[in-house]
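Written out below as structure tokens is the structure these notes cover.
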Amino acid sequence: MTTRVRTAHTAELTPAELDAVRGLLDAAFEGDFGDEDWDHGLGGMHVLALDDSGLAAHGAVVMRRVRHSGRWLRAGYVENVAVRADARRDGLGGRVMAELERVVDRAYDLGALSASDDGARLYTSRGWERWTGRVHALSPRDGIVRLPDEEGGTYVRTALAGSLDPAHELVFDWRDGDVL
């Protein structure tokens with residue numbers, strides 16, 4: 001089966017392509033993928049892997065601001081990574097991540113993502129490091145709010161900013177769904 005990988009900005013995707021991506025994500029996350037999750041992956045670069053059956057894999061990278069050690073950095077935040085059930089374990093997740101990492105490495109100070117236990121194996125095998133420090137978000141209502149549920153599941157990839165010190169927290173810009 002031939003697989004083609006395409007990289008495009010959200011603005012370049014047709015409504016049909018966006019519908020296919022949303023369908024893939026809904027199926028892959030088995031009902032644990034909501035409208036806020038969808039929104040988090042829009043407005044950046046998408047990588048679509050297409051095979052003879054259609055959309056086989058997807059991932060996106062969007063810009064977020066992250067404060068670390070007194071500096072605000074541009075983070076390429078990886079979102080909405082999924083592979084169609086019948087196409088898993090064939091390297092498509094790695095192909096999608098390779099293209100997302102190319103974007104992160106060339107355009108952002110660092111890469112970041114939040115991973116499930118299953119996803120973490122893919123990311124660590126590709127050099128992403130589990131963040132051992134604290135994770136916060138800048139809430140419009142409450143200021144800086146710690147996100148303990150994100151600690152242990154946040155992964156970073158050093159890019160233009162170089163290495164990060166886990167003694168200093170990461171403070172992500174706020175977005176819907178981060179703070180209850």
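Note that the structure is predicted; figures quoted are calculated from it, not measured.
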**Report entry** Donor-acceptor pair, side chain of Asp90 and main chain of Leu92, under 3.5 angstrom
**Finding:** no
Requested in this report: Indicate if Val61 and Leu113 have the same hydrophobic cluster label, given that clusters are the connected sets of ILVMFWY residues with side-chain heavy-atom separations under 4.5 angstrom.
Outcome: yes
Query raised in the report: What are the two closest non-hydrogen atoms of Val171 and Ala137, and how far apart are they?
Result: CG1-C, 4.3 Å
Query raised in the report: Would you call the rings of Phe33 and Trp38 parallel, tilted or perpendicular, where under 30° means parallel and over 60° means perpendicular?
Result: perpendicular
Requested in this report: List the atom of Thr3, the atom of Ala49, and the distance in Å for their closest heavy-atom pair.
Outcome: CG2-CB, 4.1 Å
Query raised in the report: Once you round to the nearest 0.5 Å, how far does CG of Asp51 lie from CZ of Arg84?
Result: 4.0 Å
Query raised in the report: Hey, any chance Val66 and Val62 share a hydrophobic cluster, counting ILVMFWY side chains that come within less than 4.5 Å of each other, even indirectly?
Result: yes
Report summary line: Rounded to the nearest 0.5 angstrom, the CG-CH2 distance for Leu138 and Trp72 is 5.0 Å
**Report entry** Derivation and outcome, salt bridge (Lys or Arg N to Asp or Glu O under 4.0 Å), residues Asp35 and Arg22
**Finding:** CA-CA 10 Å; Asp35 290 341; Arg22 179 65 192 256; 3.1 Å; yes
Query raised in the report: If every non-hydrogen atom of Leu122 is compared with every non-hydrogen atom of Ser125, which pair is closest and at what distance?
Result: O-OG, 2.7 Å
Query raised in the report: Nearest 0.5 Å, what's the NE2-CG distance between His46 and Leu100?
Result: 10.0 Å
Requested in this report: Determine, for Arg71 against Asp109, whether the closest basic-nitrogen to carboxylate-oxygen distance falls under 4.0 angstrom.
Outcome: no
Report task. Look up atom CG in Leu50 and atom NE2 in His58, then write down how far apart they are to the nearest 0.5 Å. Result -> 10.5 Å
Query raised in the report: Is it true that Arg146 and Glu151 make a salt bridge, defined as a side-chain N closer than 4.0 Å to a carboxylate O?
Result: yes
Report task. Give the intermediate values and the outcome of side-chain contact (heavy atoms from CB on, under 4.5 Å) for residues Leu147 and Thr154. Result -> CA-CA 11 Å; Leu147 302 175; Thr154 297; over 6 Å; no
**Report entry** Any donor-acceptor pair under 3.5 Å from Arg157 side chain to Gly127 backbone
**Finding:** no
Query raised in the report: Does His9 use its side chain to pair, donor to acceptor, with the backbone of Gly43 at less than 3.5 Å?
Result: yes
Requested in this report: Could you tell me the separation between the CG atom of Asp26 and the CG atom of Asp32, rounded to the nearest 0.5 Å?
Outcome: 10.5 Å
Requested in this report: Go through the side-chain N and O atoms of Glu101 and Trp128 and say whether any donor and acceptor fall under 3.5 Å apart.
Outcome: yes
Query raised in the report: Can you list every pair that meets salt bridge (Lys or Arg N to Asp or Glu O under 4.0 Å) and has a residue in residues 111-120, with sequence neighbours left out?
Result: Asp118-Arg121
Query raised in the report: Should Leu110 and Tyr108 be regarded as members of a common hydrophobic cluster, given that ILVMFWY residues are connected when their side-chain heavy atoms come within less than 4.5 Å of each other, either directly or indirectly?
Result: no
**Report entry** More than 12 heavy atoms from other groups under 6.0 Å of CZ on Arg65
**Finding:** yes
Query raised in the report: Asp149: what forms a salt bridge (Lys or Arg N to Asp or Glu O under 4.0 Å) with it, not counting sequence neighbours?
Result: none
Report summary line: Heavy-atom closest pair (Ala57 atom, Val83 atom, distance to 0.1 Å) is CB-CG2, 3.9 Å
**Report entry** Nearest-0.5 Å distance, CG of residue Asp173 to CZ of residue Arg67
**Finding:** 12.5 Å
Query - From CA spacing to verdict: side-chain contact (heavy atoms from CB on, under 4.5 Å), Tyr123, Val81 - result: CA-CA 11 Å; Tyr123 306 126; Val81 176; 3.6 Å; yes
Report task. Please step through side-chain contact (heavy atoms from CB on, under 4.5 Å) for the pair Leu164 and Leu73, ending with a clear verdict. Result -> CA-CA 11 Å; Leu164 305 173; Leu73 305 170; 4.2 Å; yes
Report summary line: Heavy atoms of Leu160 and Ala107 approach each other most closely as CD1-C, 4.4 Å
Query raised in the report: Any side-chain heavy atom of Asp37 within less than 4.5 Å of one from Leu25?
Result: no
Requested in this report: State plainly whether one hydrophobic cluster holds both Met97 and Val5, where clusters connect Ile, Leu, Val, Met, Phe, Trp and Tyr through side-chain heavy atoms under 4.5 angstrom apart.
Outcome: yes
**Report entry** Non-hydrogen atoms of Leu24 and Ala56 that approach each other most closely
**Finding:** CD1-O, 4.3 Å
Query - Side-chain ion pair, Arg6 and Glu17, N-O less than 4.0 Å - result: yes
Query - cation_pi(Arg126, Tyr155) dist<6.0 Å, angle<=45 - result: no
Query raised in the report: Do Trp131 and Tyr77 belong together in a cluster built from hydrophobic side chains that touch within less than 4.5 Å?
Result: yes
Report task. Go through the steps for Arg175 and Asp39 under the test side-chain contact (heavy atoms from CB on, under 4.5 Å), then give the verdict. Result -> CA-CA 10 Å; Arg175 59 193 185 164; Asp39 188 60; over 6 Å; no
